[in-house]
Amino acid sequence: MNVKRTIPIFTAILLSAALAGAADWKQPGANGRCPEGHPLTGDLGIGHLICRGGSCLVNQKVQGGGYTHRFSTEPVILEIADDGPAANRLQEGDTLTAVDGLLITTPEGGRRLANLQPGETVTLRVRRNGAETDVKIVPVTGCNMPGLTVTGSGNLPVQLRQALPKIDFGMKLECGNCGWFTVAGKRVWRASSFPKVLEVEPGGPAAEAGIRPGDVLLRIENYSFTEKAAGELLGQLRPGQAVRMQIGRTGAMRTVIITPRAAGGKPL
């Protein structure tokens, strides 16, 4: 479970609910770079897309340069950043049908959405409450790397909402497309890239486990931090329940045992 986004997560894994609006809106970091080597481009502040009953891909490199999205069915928009260009323009649950007159289910539509330019107005056609409307938005400089969930057909079975954490590891992280969410009624953690530790709270669980700023979280138990199973495991952890984490530090890997506490110091 995706930014470069710096959020106070894993201070509870989140110090609290510091996810701003859309937790998946990938922002460039202090070094001006995006996760996974993605270049800066025009960004709308759309954090996540749902693809129902189809075959969809996002953020795919194209041979010869550039990126593309591919949608065999019209995606539903979720997680709109409160401070992003799409705020108050789009609504969560809008179905995206076209970009600048190009159907989103065509290769041309997918490429257009993936290669926006800052400051150049884009027109999105969305379906809302059974009616279609055109929405003009001016992208800002960002990473334009929305997350994607592919589900079966029918009514939207997966509802993503920001969730307050139940546990706290006493760390502040930088990661891609990451945060706590409620998915189908269950609390889960999501990150599309390996979280990097920015700060460690003195005397907190991470400090006691020997984790340091600059460490990269690679695995929890037997799962990669970018796997769905890792996010589900984190969502099931309770205060006082020790867990193994594998971390990367200056080219070497280490295994630590970390015991989370209750978020905010409050018992469950």
Tell me, do [X] and [Y] make a side-chain contact under 4.5 Å, heavy atoms counted?
X: Val197; Y: Leu217; answer: yes
X: Ile258; Y: Pro205; answer: yes
X: Met171; Y: Glu199; answer: no
X: Pro75; Y: Thr95; answer: no

Notebook entry, point to check: Tell me, which pairs form a salt bridge (charged side-chain N to carboxylate O under 4.0 Å, His left out) where one or both residues lie in residues 241-254, sequence neighbours left out?
Noted result: Asp215-Arg249, Glu221-Arg244
Once you round to the nearest 0.5 Å, how far does [atom1] of [X] lie from [atom2] of [Y]?
X: Asp83; Y: Ile80; atom1: CG; atom2: CD1; answer: 12.5 Å
X: Cys51; Y: Leu96; atom1: SG; atom2: CG; answer: 11.5 Å
X: Leu234; Y: Arg187; atom1: CG; atom2: CZ; answer: 12.0 Å
X: Ile104; Y: Thr73; atom1: CD1; atom2: OG1; answer: 11.0 Å
X: Gln246; Y: Arg219; atom1: CD; atom2: CZ; answer: 6.5 Å
X: Leu124; Y: Asp100; atom1: CG; atom2: CG; answer: 7.5 Å

Could you go through residues 113-120 and list every donor-acceptor pair under 3.5 Å that involves a side-chain atom there, pairing it with any protein atom two or more places apart or in another chain?
unit_1 : atom_1 : unit_2 : atom_2 : d
Asn115 : OD1    : Tyr67  : N      : 3.4
Asn115 : ND2    : Tyr67  : O      : 2.6
Asn115 : ND2    : Arg111 : O      : 2.8

Indicate if [X] and [Y] have the same hydrophobic cluster label, given that clusters are the connected sets of ILVMFWY residues with side-chain heavy-atom separations under 4.5 angstrom.
X: Ile211; Y: Met253; result: yes
X: Leu103; Y: Val99; result: no
X: Tyr223; Y: Ile257; result: no
X: Leu49; Y: Leu102; result: no

Counting distance only, does the side-chain N/O of [X] pair as donor-acceptor with the main-chain N or O of [Y] below 3.5 Å?
X: Arg238; Y: Gln241; value: no
X: Asp43; Y: Asn144; value: yes
X: His69; Y: Gln60; value: no

Which pair of non-hydrogen atoms, one from [X] and one from [Y], has the smallest distance, and what is that distance?
X: Ala87; Y: Ala81; result: CB-O, 3.4 Å
X: Pro85; Y: Val138; result: CB-O, 3.4 Å
X: Ala98; Y: Gly101; result: CB-C, 4.5 Å
X: Lys196; Y: Gly214; result: CE-CA, 4.1 Å
X: Gly170; Y: Ala206; result: O-CB, 4.0 Å

Next item on the list: With side-chain contact (heavy atoms from CB on, under 4.5 Å) as the test, would you mind laying out the steps for Leu218 and Phe225 before giving the verdict?
Entry: CA-CA 6 Å; Leu218 302 175; Phe225 255 90; 5.8 Å; no
Notebook entry, point to check: In terms of side-chain geometry, is the basic nitrogen of Glu201 or Arg261 positioned less than 4.0 Å from the acidic oxygen of its partner?
Noted result: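 Yes.
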Next item on the list: Scan Ile50, Leu44, Leu90 and name whichever one has a side chain to side chain contact (heavy atoms under 4.5 Å, CB included) with Ile77.
Entry: Leu90
Margin query: Just to verify, what does Ser224 make a side-chain hydrogen bond (donor to acceptor under 3.5 Å, both in side chains) with, not counting sequence neighbours?
Written below: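 If we apply the side-chain hydrogen bond (donor to acceptor under 3.5 Å, both in side chains) test to Ser224, skipping adjacent residues, the hits are Thr226.
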Item checked: Partner residues of Arg70 under the side-chain hydrogen bond (donor to acceptor under 3.5 Å, both in side chains) criterion, sequence neighbours left out -> none
Next item on the list: Return the set of residues passing salt bridge (Lys or Arg N to Asp or Glu O under 4.0 Å) with Arg125 (not counting sequence neighbours), or none when no residue passes.
Entry: Glu132, Asp134
Notebook entry, point to check: By salt bridge (Lys or Arg N to Asp or Glu O under 4.0 Å), which residues pair with Arg212, not counting sequence neighbours?
Noted result: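 If we apply the salt bridge (Lys or Arg N to Asp or Glu O under 4.0 Å) test to Arg212, skipping adjacent residues, there are no hits.
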Next item on the list: List the steps and the verdict of side-chain contact (heavy atoms from CB on, under 4.5 Å) for Ile220 and Leu233.
Entry: CA-CA 8 Å; Ile220 178 168; Leu233 174 59; 3.9 Å; yes
Item checked: No-hydrogen, no-angle side-chain donor-acceptor test under 3.5 Å, Lys136 and Thr123 ->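 The answer is yes; a qualifying pair exists.
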Notebook entry, point to check: Between Ile46 and Glu79, is a side-chain contact (heavy atoms from CB on, under 4.5 Å) present by the stated rule, with each step listed?
Noted result: CA-CA 6 Å; Ile46 296 174; Glu79 299 172 14; over 6 Å; no
Notebook entry, point to check: Going through the checks in order, is the side-chain contact (heavy atoms from CB on, under 4.5 Å) test met by Leu173 and Phe194?
Noted result: CA-CA 10 Å; Leu173 303 182; Phe194 296 108; over 6 Å; no
